[in-house]
Amino acid sequence: MEERKKKRKRYGGGSHGNRSSLDGSDDEQMHLPNPMVGFNLPGYRRPSVMRMLPQQAIGPPFFYYENVARTPRGVWETISRFLYDIEPEFVDSMHLSAAARKRGYIHNLPIENRSPLLPLPPKTIFEAFPHYKKWWPSWDPRRQLNCLQTTVASAKTTERIQCLLARSSNPPPPSVQKYVIDECRKWNLVWVGKNKVAPLEPNEVEYLLGFPRDHTRGVGKTERYKSLGNSFHVDTVAYHLSVLRDMFPNGVSVLSLFTGIGGGEVALHRLGIHMRAVVSVEIGEANRRILRGWWDQTQTGTLIEVADVKSLTPDIIASYVGRFGGFDLVIGGSPCNNLAGSNRHHRDGLEGEQSSLFYHYFRILDVVKSAMARM
DNA sequence: AGTAATATGACCAGAACT
DNA sequence: AGTTCTGGTCATATTACT
């Protein structure tokens, strides 16, 4: 893998954001588009440029890779280099949802004739949760939520806010307003009573992310927040995957890596795309249970659950390829733990303990590719 | 013992200044 | 062109609690 030749490629052109480094190595900062709408989004059609995929990037299989947009420098360049030099598509789901979610996607799907899930999801807090209007103070200007993360504010935090507001004037002085709103932005708090803010409930997070109600029910609350925070935004992913519907009228077979709670599977289901078979790899036991529960309620195809990507040897992959006649889609988002900004401890980059599992995504995809080339 | 709540900055990129 | 300021982030280690 290390021998893969380094290519210098700057997407988006321009010298914006350049920073010369002291050691003489080149700046490799990926340009993030503004607005962050990828190649296109419903209601945000950019002048759609034809994209030419490198020859070796073209399927079968189709593949779809996801990770956080804001990584330490050079990470997306490396990911792109491994994934056949495809330009990442950066999308902030705030353009399709009431909550922000800045993510990069690398895939070899067509980008023409996409269609969104209908009805389009609410794009403001009040459209999503009308009852919060009642206690929303006029000095809180938020109309959308920030990124839904894996943990929520402690009761102490909301209590501090409540006490502070209780002994302030109405409206509170600017310094108090600023403190409260900063905390609300930081923790995604909503107004649920007089002077009272609270984190979103797990079922509200499910709704904002496009999952069916109670999708994650049955595991601990903390666990639900964690699994949901690590998940796809279903409507965004479904928009990208929608082009598969007409291409596979008889359904698809899917290799799903780092499945989590099954955001990709839910997206395909909501698109009306039948899944003949899904081989799912997910390390979390609770997540596997959640996916199995949903599958048994909604699906008729075959689900095979595997715990660890490391256990997928070339032989095993080849046997699945043979058994299911190849995979139509390889989908997954590899761990962001060591890339995400909120990690205070081990933001070690792509070589970090969990995030380096990306290389298994590439490895497995490449094995599937070559096995299918021999079919 | 296992589970849940709580406390805990750093880094990066843009905006808004000088 | 450089500086300061501001906002925002698929989290982890420790402590408290069953």
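Values below: all heavy atoms of this structure, side chains included; hydrogens, waters and symmetry mates excluded. Letters A, B, ... mirror the listed sequences (proteins, then strands); counts begin at 1.
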Rounded to the nearest angstrom, tell me the gap between atom CG in A/Asn338 and atom C1' in C/dT12.
11 Å

Separation of atom CZ in A/Arg344 from atom P in C/dC10, rounded to whole Å
13 Å

Would you please confirm or rule out a distance under 4.0 Å between OP1 or OP2 of C/dT12 and any side-chain N or O of A/Asn337?
yes

Less than 4.0 angstrom between a side-chain N/O of A/His346 and OP1 or OP2 of C/dA13, yes or no?
yes

Between P on C/dT9 and OH on A/Tyr225, what's the gap in Å once rounded to a whole number?
17 Å

Classify the ring geometry of A/Tyr361 against A/Phe358: parallel below 30°, tilted from 30° to 60°, perpendicular beyond 60°.
parallel

Around A/Met375, counting heavy atoms of other residues, nucleotides and ligands shown, do more than 12 lie under 6.0 Å from its CE?
yes

Please tell me if A/Thr71 has a side-chain N or O lying less than 4.0 Å from either OP1 or OP2 of B/dC12.
no

Say you pick atom P in C/dC10 and the same atom in B/dG14; how far apart are they, in whole Å?
15 Å

Tell me the interatomic distance from A/Leu339, atom CG, to B/dA13, atom P, rounded to whole angstroms.
13 Å

Return the orientation label for the A/Tyr64 and A/His240 ring planes: parallel under 30°, perpendicular over 60°, tilted otherwise.
tilted

For C/dC10, the nucleotide meeting Watson-Crick or G-U wobble distances (both under 3.5 Å) is none

Let me know the distance between CZ of A/Arg73 and P of B/dG14, rounded to the nearest Å.
12 Å

Please compare A/Asn34 and A/Lys186 by the position of their nearest nucleotide in DNA chain B and report the one closer to 5'.
A/Lys186

I'd like to know if the side chain of A/Ser355 pairs up with that of A/Asn337 as donor and acceptor (distance under 3.5 Å, no hydrogens or angles considered).
no

Is it the case that the side chains of A/Thr236 and A/Ser93 hold a donor-acceptor pair, with the cut-off being a distance below 3.5 Å and no angle test?
yes

Within the modelled atom types, does a donor on one side and an acceptor on the other bring the side chain of A/Arg103 and the base of C/dC10 under 3.5 Å apart?
yes

Quick one: sort the A/Tyr320 and A/Phe324 rings into parallel, tilted or perpendicular, breaks at 30° and 60°.
parallel

How is A/Glu223 classified with respect to the nucleic acid when contacts are heavy atoms under 4.0 Å: base, sugar-phosphate, or nothing?
nothing

Pair assignment for C/dA1, Watson-Crick or G-U wobble, requiring both distances under 3.5 Å
B/dT18

For nucleotides B/dG9 and C/dG8, find the distance between their C1' atoms and express it as a whole number of Å.
13 Å

Report which part of the nucleic acid A/Ser334 touches: base, sugar-phosphate, or nothing (heavy-atom distance under 4.0 Å, all strands).
base

A/Glu66 CD to C/dC10 P, straight-line distance once rounded to whole Å:
9 Å

Between A/Tyr84 and A/Phe362, what is the ring plane arrangement, given parallel below 30°, perpendicular above 60°, and tilted in between?
tilted

Do any N or O atoms of the protein come closer than 3.5 Å to N or O atoms of nucleotides 1-8 of chain C, and which pairs are they?
none

State whether A/Thr222 places a side-chain N or O below 4.0 Å from either non-bridging phosphate oxygen (OP1 or OP2) of B/dT3.
no

